[in-house]
Amino acid sequence: MKEILQYLFNHHTLSKSEAKAIMIEIAQNKFNATEVTAFISIFLMRNITLPELEGFREALLQMAVPVDLDASDAIDVVGTGGDGKNTINISTLASFVIAGTGQKVIKHGNYGASTITGASNLLEELGYQFKISSEELNDDLQKTNICFLHAPYFHPALKSVVSLRKSLGLRTFFNLLGPLVNPAKPKYSMIGTYNLEIARIYQYLLQKDEKDFVLVHGMDGYDEISLTQDSKIITKEGEKIYSPEELGFEAVTPQSIEAGKNTQETAKIFRNILEGKGAESQNAVVLANAAVALHHTNKFGNYENCLNLAKESLFSGKALNSLDSLIN
């Protein structure tokens with residue numbers, strides 16, 4: 001590892017094959033904690049390159065626990081995290097709204113590393129028990145239109161870096177890998193990124209994969225459509241900046257979409273929104289993200305139709321029913 005670190009400290013970057021090999025060796029505990037921390041720290045000082053991201057991703061997918069799910073018509077809605085905004089769990093809320101419309105969702109998530117409450121913290125607090133068997137996950141998907149893949153169950157290779165990530169408490173390149181390593185490989189993905197340079201790297205990578213994707217970025221640094229300012233939306237067809245009004249809503253304040261001070265508070269807010277008791281700003285940001293994701297599938301007509309479907313799912317209780325059915 002010393003040679004690798006010296007190489008990188010001299011402003012070199014890794015090839016795809018080098019990145020893949022190093023990730024596999026990290027997973028195999030071939031380096032001590034100090035060496036791995038130094039390696040991670042390099043990517044805190046500069047952005048990851050496309051070959052490096054490709055190599056790390058290929059290694060994790062190669063080492064992932066296989067799962068047998070029909071993902072041919074499913075979507076994952078996920079953010080990189082690490083934007084430091086402490087928002088309500090928008091992508092997870094949007095996932096249940098989407099499931100309430102009948103669209104299949106295969107969500108991949110984890111405990112928070114650079115945030116208090118990740119998707120796994122939240123669902124665990126709400127009473128969900130993580131599952132690893134394809135049979136159980138398929139059962140969830142068929143009955144509730146959503147299933148949840150708890151990342152540590154499917155990526156045991158990352159066990160060696162969990163405590164390091166938590167102790168650092170900062171966004172690392174592992175934040176960038178999460179949205180790219182859903183082991184079910186759903187057909188559609190909506191990924192939120194906290195900066196445009198990362199969005200561009202994702203765009204190049206996903207275009208090479210010939211995957212259907214939509215990338216979203218809040219122009220004031222959110223890894224989702226926040227409605228606090230304009231949002232950039234990038235697809236295979238191109239990119240465009242949308243104002244909150246163009247997405248069907250008034251602008252909201254950052255304070256109005258903040259999460260709780262702990263997981264318990266955040267889970268209470270989460271359930272409150274799905275019960276139809278959310279504040280207007282909370283509902284708006286969830287609905288905007290859900291509508292963009294639905295529109296991305298090209299199955300539900302124009303954006304306005306997708307927004308109406310999302311509203312009906314949330315306010316009729318269908319989204320809540322998906323949550324309750326999943327938990328029970």
Evaluate the side-chain hydrogen bond (donor to acceptor under 3.5 Å, both in side chains) criterion for residues T228 and D220: first the C-alpha distance (whole Å), next the side-chain angles of each, then the deciding distance (0.1 Å), finally the verdict.
CA-CA 8 Å; T228 52; D220 48 347; 2.6 Å; yes

Tell me every residue that passes ring pair (Phe, Tyr, Trp, His ring centres under 6.0 Å) with H295, counting only those two or more places apart in sequence or in another chain.
none

Hydrogens and angles aside, do T144 and S325 bring a side-chain donor and acceptor to less than 3.5 Å of each other?
no

Compare every heavy atom of E265 with every heavy atom of K261, then report the nearest pair and how far apart it is.
N-OE1, 2.9 Å

Check: H155 ring centroid to H150 ring centroid under 6.0 Å
no

Under 3.5 Å, is there a donor on one side chain and an acceptor on the other for K20 and Q62?
yes

Tell me whether L323 shares a hydrophobic cluster with Y128, the cluster being built from Ile, Leu, Val, Met, Phe, Trp, Tyr side chains joined at under 4.5 Å.
yes

Taking side-chain hydrogen bond (donor to acceptor under 3.5 Å, both in side chains) as the definition, give me every residue that meets it alongside N29, ordered by chain and number, with sequence neighbours left out.
none

For the residue pair S15 and E18, establish whether any side-chain heavy-atom pair is separated by less than 4.5 Å.
yes

Please find the pair of heavy atoms, one from V97 and one from L274, that lie closest to each other, and give the distance.
CG2-CD2, 4.5 Å

Walk me through it: do C147 and L149 pass the test side chain to side chain contact (heavy atoms under 4.5 Å, CB included)?
CA-CA 7 Å; C147 65; L149 278 58; 3.9 Å; yes

What pairs with R271 under salt bridge (Lys or Arg N to Asp or Glu O under 4.0 Å), at least two apart in sequence or on another chain?
E275, D324

Does some side-chain heavy atom of T80 sit less than 4.5 Å from a side-chain heavy atom of Y202?
yes

In chain order, what residues pass the ring pair (Phe, Tyr, Trp, His ring centres under 6.0 Å) check against Y7, with sequence neighbours excluded?
H12

Here the gap from I241 atom CD1 to I234 atom CD1, rounded to the nearest 0.5 Å, amounts to 9.5 Å

Looking only at heavy atoms, the pair that brings I201 and I48 closest together is CD1-O, 3.0 Å

Sub-4.5 Å side-chain heavy-atom contact between K30 and I26:
no

Starting from the C-alpha separation in whole Å, work towards a yes-or-no answer on side chain to side chain contact (heavy atoms under 4.5 Å, CB included) for D223 and H217.
CA-CA 5 Å; D223 68 332; H217 168 67; over 6 Å; no

Quick check on the 6.0 Å ring-centre criterion: do F39 and F31 meet it?
no

Using side-chain hydrogen bond (donor to acceptor under 3.5 Å, both in side chains), reason through Y111 and E124 one step at a time and then give a plain yes or no.
CA-CA 10 Å; Y111 292 125; E124 196 171 52; 3.0 Å; yes

Taking side chain as C-beta onward, heavy atoms only, is I88 less than 4.5 Å from T266?
no

What pairs with E25 under side-chain hydrogen bond (donor to acceptor under 3.5 Å, both in side chains), at least two apart in sequence or on another chain?
none

Give me the atom names and distance for the closest heavy-atom approach of T92 to A119.
OG1-CB, 3.6 Å

Between E52 and R46, is there a side-chain N and carboxylate O pair less than 4.0 Å apart?
yes

I need the S313 OG to N308 CG distance, nearest 0.5 Å.
12.5 Å

Using only atom types and a distance under 3.5 Å, with no angle test, would you say the side chain of N121 pairs donor to acceptor with the backbone of G112?
yes

Side-chain donor or acceptor of Q282 paired with backbone N/O of A279 under 3.5 Å
yes

Show me the donor-acceptor pairs, under 3.5 Å and distance only, between side chains in residues 185-193 and residues at least two apart or in other chains.
| from | atom 1 | to | atom 2 | distance (Å) |
| --- | --- | --- | --- | --- |
| T193 | OG1 | N195 | O | 3.3 |

H108 NE2 to S95 OG distance, which is reported to the nearest 0.5 Å:
13.0 Å

Between T37 (side chain only) and A33 (backbone N and O only), is there a donor and an acceptor less than 3.5 Å apart?
yes

Would you find more than 12 non-hydrogen atoms of other residues, nucleotides or ligands less than 6.0 Å from E304 atom CD?
no

Donor-acceptor pair, distance only, cut-off 3.5 Å: does the side chain of N305 make one with the backbone of G301?
no

Assess whether side chain to side chain contact (heavy atoms under 4.5 Å, CB included) is satisfied between T49 and L14, documenting all intermediate values.
CA-CA 8 Å; T49 67; L14 300 172; over 6 Å; no

Counting only heavy atoms not in K299, do more than 12 sit closer than 6.0 Å to its NZ atom?
yes

Rounded to the nearest 0.5 Å, how far does CD1 of I98 lie from NE2 of H296?
10.0 Å

When you measure from the side chain of N110 to the backbone of S120, do you find a donor-acceptor pair of N or O atoms at a distance under 3.5 Å?
no

Between the side chain of E246 and the main-chain N/O of S243, is any donor-acceptor distance below 3.5 Å?
yes

Neighbour count >12 (heavy atoms, 6.0 Å) for atom CD, Q264
yes

Criterion side chain to side chain contact (heavy atoms under 4.5 Å, CB included) on E135 and N138, from CA distance to verdict
CA-CA 5 Å; E135 185 179 359; N138 264 310; 5.9 Å; no

Spatial distance of atom CD (E58) from atom OG (S17) [nearest 0.5 Å]:
9.5 Å

Flag yes if L61 and V78 sit in one hydrophobic cluster, no otherwise; membership is Ile, Leu, Val, Met, Phe, Trp, Tyr, and two members link when side-chain heavy atoms are under 4.5 Å apart.
yes

Does one hydrophobic cluster hold both F315 and F96, with members joined at side-chain heavy-atom distances below 4.5 Å?
yes

Side chains of L177 and M23 in contact at under 4.5 Å (non-hydrogen atoms):
yes

Co-membership, hydrophobic cluster, residues L196 and Y194, 4.5 Å side-chain
no

Nearest heavy-atom pair of L141 and D70: which atoms, and what distance?
CD2-O, 4.0 Å

Roughly how far, to the nearest 0.5 Å, is CG of D140 from CG of N145?
11.0 Å

Nearest heavy-atom neighbours spanning S134 and L69
O-CD2, 4.1 Å

Is D209 salt-bridged to R57, cutoff N-O under 4.0 Å?
yes

Got E224 and V285 here, is their nearest side-chain heavy-atom distance under 4.5 Å?
no

Please tell me if the side chains of L287 and L314 come closer than 4.5 Å, counting only heavy atoms from C-beta onward.
yes

Please say yes or no: joined through hydrophobic side-chain contacts below 4.5 Å, possibly via intermediate residues, are F56 and L8 part of one cluster?
yes

Within 45° of the axis and under 6.0 Å from the centre of the six-membered ring of F148, does NZ or CZ of K107 qualify?
no

Side chain proximity check, L294 to L307, heavy atoms < 4.5 angstrom
no

Considering only NZ, NE, NH1 and NH2 on the basic side and carboxylate oxygens on the acidic side, decide whether E54 and K208 come within less than 4.0 Å.
yes

Is there a donor in the side chain of N86 and an acceptor in the side chain of E258, or the other way round, less than 3.5 Å apart?
no

